[in-house]
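What follows is a single structure, written as structure tokens, with notes after it.
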Amino acid sequence: MLDNKYTVKQLADFYDKLNLGFDGLKIKQEKFDPKRLPEDIPETFLKLIIQDLEGSYLFIIKTRHKKFDEKNKNVDDVEFDKRSQESAGTNKVFNISGLIFDVLNNGGVLVVDQLDSSLHPLLTLAISRLFNSEIENTKNAQLIFTTHDTNLFSYGKYRRDQIYFVEKNKYGASDLYSLVEYREVDGAKVRKDRSFESVYIQGRYGAIPYIGDIAKVAME
């Protein structure tokens with residue numbers, strides 16, 4: 001996708017909107033060299049890796065950052081190795097962005113376990129909003145993701161039928177149910193304007209870990 005004029009612009013615009021902290025990318029391809037592999041890889045796996053990658057090309061990606069002097073004047077640009085010098089969050093956004101725009105451009109379903117892991121809540125929100133956007137998602141692509149970030153209840157603006165809970169019982173079996181299926185004490189459906197986050201934290205919807213008295217746990 002970084003070799004394609006259309007998709008590289010899509011990705012670059014996306015990185016800029018998320019303000020990941022770098023000002024551009026430098027990409028070059030290098031022919032796979034087995035000598036660059038770590039020495040501690042077990043021989044069996046080493047043979048498989050070499051067999052799979054022999055003759056292929058690898059992408060070496062650098063991010064470009066502005067360098068400022070003591071007067072906050074931009075004096076130079078510096079290159080960072082994306083993999084080793086950028087944050088886990090930046091790497092995660094970069095690594096899943098190809099999958100995100102591939103499914104947005106072509107349709108289909110993208111499943112991500114713990115989308116919020118290593119990401120700021122606003123980055124998780126920005127990714128999910130792409131799929132709720134009629135402008136960005138013209139192929140009706142679907143994103144299914146798990147998360148423990150309850151903040152998304154408050155500012156995600158998700159429909160009730162888009163929110164599912166998973167609750168594990170004492171036998172280790174999990175029950176999956178939608179918020180739209182939940183009924184209040186009076187039998188009514190959950191209102192659209194309900195504060196989903198605060199009600200969830202109170203345990204009203206289930207799917208919440210039981211850890212007893214918080215104050216007691218903290219003291220222990």
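- How far CD1 of Ile49 is from CD of Glu54: 13.0 Å, rounded to the nearest 0.5 Å.
- A continuous path of ILVMFWY side-chain contacts below 4.5 Å connects Leu122 to Val112, so both sit in one hydrophobic cluster.
- Side-chain contact between Val93 and Leu20 is present, with at least one heavy-atom pair separated by less than 4.5 Å.
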Inset, instruction - Report the C-alpha separation of Leu115 and Ile96 in whole Å, then their side-chain angles, then the decisive distance to 0.1 Å, and conclude whether the side-chain contact (heavy atoms from CB on, under 4.5 Å) test is met. - result: CA-CA 10 Å; Leu115 177 63; Ile96 67 174; 3.8 Å; yes
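- The ring of Phe14 has its center closer than 6.0 angstrom to the ring center of Phe101.
- Linking ILVMFWY side-chain heavy atoms closer than 4.5 Å, directly or via other members, places Phe32 and Phe45 in a single hydrophobic cluster.
- Annotation: side chain of Val8 is not in contact with side chain of Asp3 (no heavy-atom distance under 4.5 Å).
- Here the CG atom belonging to Leu2 is positioned 7.0 Å from the OG1 atom belonging to Thr7, to the nearest 0.5 angstrom.
- The minimum heavy-atom distance linking Ile127 with Phe131 is given by the pair O-CD1, 3.5 Å.
- In Phe68, the CZ atom is crowded: over 12 heavy atoms of neighbouring residues, nucleotides or ligands sit closer than 6.0 Å.
- Under the 4.5 Å side-chain heavy-atom criterion for grouping Ile, Leu, Val, Met, Phe, Trp and Tyr, Ile27 is not connected to Ile60 through any hydrophobic cluster.
- Judged by distance alone, the side chains of Thr124 and Asp116 never bring a donor and an acceptor atom under 3.5 Å apart.
- Met1 and Leu104 end up in the same hydrophobic cluster when Ile, Leu, Val, Met, Phe, Trp and Tyr side chains are linked at under 4.5 Å.
- No side-chain heavy atom of Glu134 sits less than 4.5 Å from a side-chain heavy atom of Thr138.
- In the model, Ser128 has a side-chain atom that pairs as donor or acceptor with a side-chain atom of Tyr158 under 3.5 Å.
- Note that the CG atom of Leu130 and the CD1 atom of Ile135 stand 11.0 Å from one another [nearest 0.5 Å].
- Between the side chains of His65 and Gln85, no donor N or O sits under 3.5 Å from an acceptor N or O.
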Legend entry - Test log, rule side-chain contact (heavy atoms from CB on, under 4.5 Å), inputs Leu11 and Phe94: CA-CA 9 Å; Leu11 292 173; Phe94 191 90; over 6 Å; no
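- Using a 4.5 Å cut-off on side-chain heavy atoms (C-beta onward), Ile144 and Leu110 make no contact.
- Other residues, nucleotides and ligands contribute over 12 non-hydrogen atoms within 6.0 Å of the CD atom of Gln29.
- Using a distance-only test at 3.5 Å, with no hydrogens or angles considered, no donor-acceptor pair links the side chain of Asn140 to the main chain of Gly107.
- With no hydrogens or angles considered, no side-chain donor-acceptor pair links Lys139 and Asn105 at under 3.5 Å.
- A 4.5 Å side-chain heavy-atom check between Tyr15 and Phe22 finds at least one atom pair inside the cut-off.
- Two residues are said to be in side-chain contact when any heavy atoms from C-beta on lie closer than 4.5 Å; Val111 and Asp113 fail this criterion.
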Inset, instruction - In sequence, state the C-alpha distance, the side-chain angles, and the governing distance for Phe145 and Leu152, and then conclude on side-chain contact (heavy atoms from CB on, under 4.5 Å). - result: CA-CA 12 Å; Phe145 68 95; Leu152 290 171; 4.0 Å; yes
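- Taking 4.0 Å as the cut-off between side-chain N and carboxylate O, Arg64 and Asp77 count as a salt-bridged pair.
- The residues Asp13 and Lys9 are annotated as salt-bridged, a charged nitrogen and a carboxylate oxygen being separated by less than 4.0 angstrom.
- Within the 4.5 Å cutoff, the side chain of Asp81 has no heavy atoms near those of the Glu86 side chain.
- Atom CD of Glu30 is surrounded by more than 12 heavy atoms from other residues, nucleotides or ligands within 6.0 Å.
- Counting only N and O atoms by type, the side chains of Asn137 and Gln142 include no donor and acceptor under 3.5 Å apart.
- Lys67 contributes atom NZ, which lies 11.0 Å from atom CG of Asn74 (distance to the nearest 0.5 angstrom).
- At least one side-chain heavy atom of Ile50 sits less than 4.5 Å from a side-chain heavy atom of Leu37.
- Expressed to the nearest 0.5 Å, how far OG of Ser84 lies from CG of Asn91 amounts to 8.5 Å.
- Between the side chains of Thr146 and Gln114, not a single donor N or O lies within less than 3.5 Å of an accepting N or O.
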Inset, instruction - Apply the test side-chain contact (heavy atoms from CB on, under 4.5 Å) to residues Glu167 and Tyr177: give CA-CA distance (whole Å), side-chain angles for both, the deciding distance (0.1 Å), then the verdict. - result: CA-CA 9 Å; Glu167 183 166 40; Tyr177 52 96; 3.6 Å; yes
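- With rounding to the nearest 0.5 angstrom, the OG1 atom of Thr147 is 11.0 Å from the CD1 atom of Ile163.
- A salt bridge links Asp161 and Arg159; the closest N-O separation between the charged side-chain nitrogens and carboxylate oxygens is under 4.0 Å.
- In terms of modelled atom types and a separation under 3.5 Å, the side chain of Lys28 and the main chain of Phe59 share no donor-acceptor contact.
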